[in-house]
Structures are given as C-alpha cells and as structure tokens.
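This report concerns only the one structure given below.
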Amino acid sequence: MYDFIGDVHGHAERLVALLETMGYRETEVGYSHPTRKAFFIGDLIDRGPAQVATLKIVKAMVESGAAHMVLGNHEYNAVAWVTPHPDKPGEFLRNHGERNRHQHQAFLDQVGEDSALHQEMIAWFKTLPVFIETPEFRAIHACWHSAYIEAARPFLDANNAILPEAWPMLSEKDTEPYHIIETLLKGTEVDLPEGITYFDPDGNERNRTRTRWWDEQATTYRSSGMVAKSVEHQLPDTPIPSKNLLSYDQRKLLLFGHYWMTGAPQALNAHMACLDYSIGKGTPGTKLCAYRWQGERQILQDGFVWVDAVKPAKHLDSGELIP
Ligand SMILES: [Mn+2]
C-alpha cells in the first residue's frame, strides 16, 4: 500500500516530519516503512530552503525500493535547462532568460550549477516516469487525460520515462509533442474568446488562463479559470468550447499535485485528489500533504495527513507536552 506525497519544493525538514508522522524511520539505506511505500507526485525542487536534502532523502528511498516517484514539471524544466539545443549552438532546450533563471536560481545555488551533484540529480530526473498506472490507481504530476497519455507513449520508454532522443522534440514550442507534455506535467490552459483579455493582480494583460480540468461542473471561462479571486470577475461567464474541455474518465483513483490547493486537504471528487497544498510558498497555513491509500476504490477523507509548512514554536516530537 502507498502513501502518496504532494509537491515538496525543497522543504526537507517538513518532509521528514511528515514521513515520521506516518511511521517511516531512517535506516542505513534511507527512510522506509515496514509495510508501506511512499509515492512522490513530483516537484521536489525549486523555491524551498533545503532542496538538496530533499533530493537525497527521496532518491535514496526510490533506489532502495521504499518509494516511487513521477516526474514533476520542475524536474522536467531542470533537465531542459541543462540540455543543449541540438540545432542552436549555445542555447538550451529551456531558454536561460531572466524569468526562467529566477524560477530555478535557488536550486542552482543550492546544488551548485554544473557540479557533480547537479549532474547526478539531472541523470536521476531523466529516469523518472511521466506517469504510473496500476490496476487500482493512476498517478501523474498535473493532468491525466487518456488521449494525451496515449499520444505521449511514442516519446516514452518501457518505464514511461522520456526517451533520451525525445527531449528536443518535446521542448519545441508550438508543436503537438510540446502541447502533450505540457498538458500532462503542467495542466491545461485555454485561450479566452477573441478580443477578450484580463489583467492579473500584477497588472499584466493576459488572454489565456489555466483551467480546473478536474471539475466537470466548471464549464465557463469564469468557473473553470484559475486566476486570483480578485480578478475572477474579469473572465467571461460564457461556455468554453467543449473541444477545449478535458475530463477524467473516473475509471480509477487519480492522485496528482501541481495546483497549489489551500485550506483543509480533501478529495476533489470520489476518485480524484490533488495533494499539492502550497508548501512551496512556505507561508503559514500552507501544508505538505499525503494521502494514505489502504486499497479503497474511492478517496476517503480519513486518508489525508499533513504537516504545516511553518513548524509550530513548540511541538510534540520530543515527547514534551504543551501545557
Ligand atoms: Mn508543479
């Protein structure tokens, strides 16, 4: 049985707290549980304070057989960042512009850009599967849609890891392969109707929005669009063309991450749970969340466990009771 763990984003100390809460203990080959396995849903890196420690914990668990992991968009981007563009000398599959560097700088600083450790982690990221499916469940970082899963298969090896020769194709913007991997690892986006734009809270004018692809009731730009509450009213409350709406077939449990959920962890519906509770922000109220699966065919509220991003001033690890 598996304990699915959401996006960690470099919060190693909180990861250890979560693992210990769930009964995992450190052994000479890393953390493990006597009867269960951990299952990381991607995005170990970027943003947080202890990304190398996070990688070392999880990589040891995967290598010892104590855990599985699927590729997150941040690990995908990390590989594309270091992979030379085959046709453009001096360039990389992910461009090194200001915005991309800013998003990745904490990782580069912590791991040491081009260090042996950096290369070791990149080599490991390349082995991670894009998705894992068993007879009972499916796991992917951002979005499961059967047609996209099938379309991705020619780019994947027998373990569902990206084939070495497929990386350049998947990174070529405005192509079908790029759209496929973007959807699986980064989720869905939709263009607003012709001529319609909105301004995000930073004042940037935008003509696209991410969508809540898992919510079958959300069929308009406003109800499905993922924008800050304060600007939601700018989105038209008109239907999104059905060809742009993805839906999940609900045939198996689906565990994913990526979406910066807030509040108390809970199922999205009977078969779907997003386990990213925004620890990447590291602010009070954000959480590192897991779902402890016991073989059930529907998501149970009792299955959610979590630790807060911000460690309480006093806690019970030492056995000391708070008066
Ligand atoms: Mn993500």
Side-chain angles (χ1 to χ4, degrees), residues 4-12 14-15 18 38-51 54-55 58 62 67-81 93-94 99-108 110 121-122 124-126 128-132 138-145 148-149 152 160-162 170-171 178-189 208-214 225-228 246 248 254-262 265 268 272-283 286-291 306 309:
F4 296 91
I5 299 176
D7 307 36
V8 183
H9 284 303
H11 287 263
R14 299 283 76 201
L15 173 58
L18 179 66
F39 197 122
F40 291 88
I41 221 85
D43 279 5
L44 300 181
I45 62 162
D46 289 331
R47 300 179 187 271
Q51 299 177 32
T54 301
L55 288 171
V58 178
V62 172
H68 292 289
M69 173 165 167
V70 291
L71 186 71
N73 61 305
H74 284 263
E75 287 82 38
Y76 177 88
N77 288 347
V79 173
W81 176 270
L93 295 184
R94 184 168 172 82
R99 190 171 159 272
N100 289 347
R101 178 170 285 280
H102 178 73
Q103 201 181 72
H104 204 38
Q105 192 65 52
F107 174 71
L108 297 172
Q110 291 174 33
M121 292 307 167
I122 294 296
W124 179 55
F125 294 163
K126 289 180 181 174
L128 297 172
V130 171
F131 59 89
I132 292 180
R138 294 159 170 168
I140 195 164
H141 183 63
C143 176
W144 186 288
H145 185 260
Y148 285 86
I149 294 284
N160 293 334
I162 294 172
L170 295 173
S171 305
Y178 177 85
H179 181 60
I180 292 164
I181 201 73
E182 285 269 309
T183 303
L184 298 179
L185 297 182
K186 304 179 188 178
T188 54
E189 285 194 357
R208 292 170 70 72
T209 171
R210 278 183 171 190
T211 55
R212 285 176 235 278
W213 61 272
W214 57 86
M226 298 193 72
V227 298
L246 296 191
Y248 181 58
L254 175 63
L255 291 304
F256 61 102
H258 187 66
Y259 279 101
W260 303 83
M261 298 286 158
T262 56
L268 296 165
M272 301 166 83
C274 174
L275 299 177
D276 178 4
Y277 276 80
S278 307
I279 195 167
K281 286 184 190 151
T283 50
T286 62
K287 300 168 183 68
L288 175 61
C289 180
Y291 181 75
W306 61 87

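Remember, predicted model here, so these are calculated numbers, not experimental data. Both counts, for ligands and for their atoms, begin at 1 and track the order of listing.
Listed for the His9 side chain is a donor-acceptor partner under 3.5 Å among the backbone atoms of Ile45.
Here His258 reaches the Mn ion (ligand 1): one of its N/O/S atoms is less than 2.8 Å from the metal. Within the 2.8 Å limit, Tyr259 places no N, O or S atom next to the Mn ion (ligand 1). Distances from the Mn ion (ligand 1) show that Asp43 has an N/O/S atom below 2.8 Å.
Annotation: side chain of Val70 is not in contact with side chain of Ile140 (no heavy-atom distance under 4.5 Å). Using a 4.5 Å heavy-atom threshold, the side chains of Ile162 and Ile181 count as touching.
Screening Arg47, Lys287, Arg14 for a side-chain contact (heavy atoms from CB on, under 4.5 Å) with Ile279, the sole residue that qualifies is Arg14.
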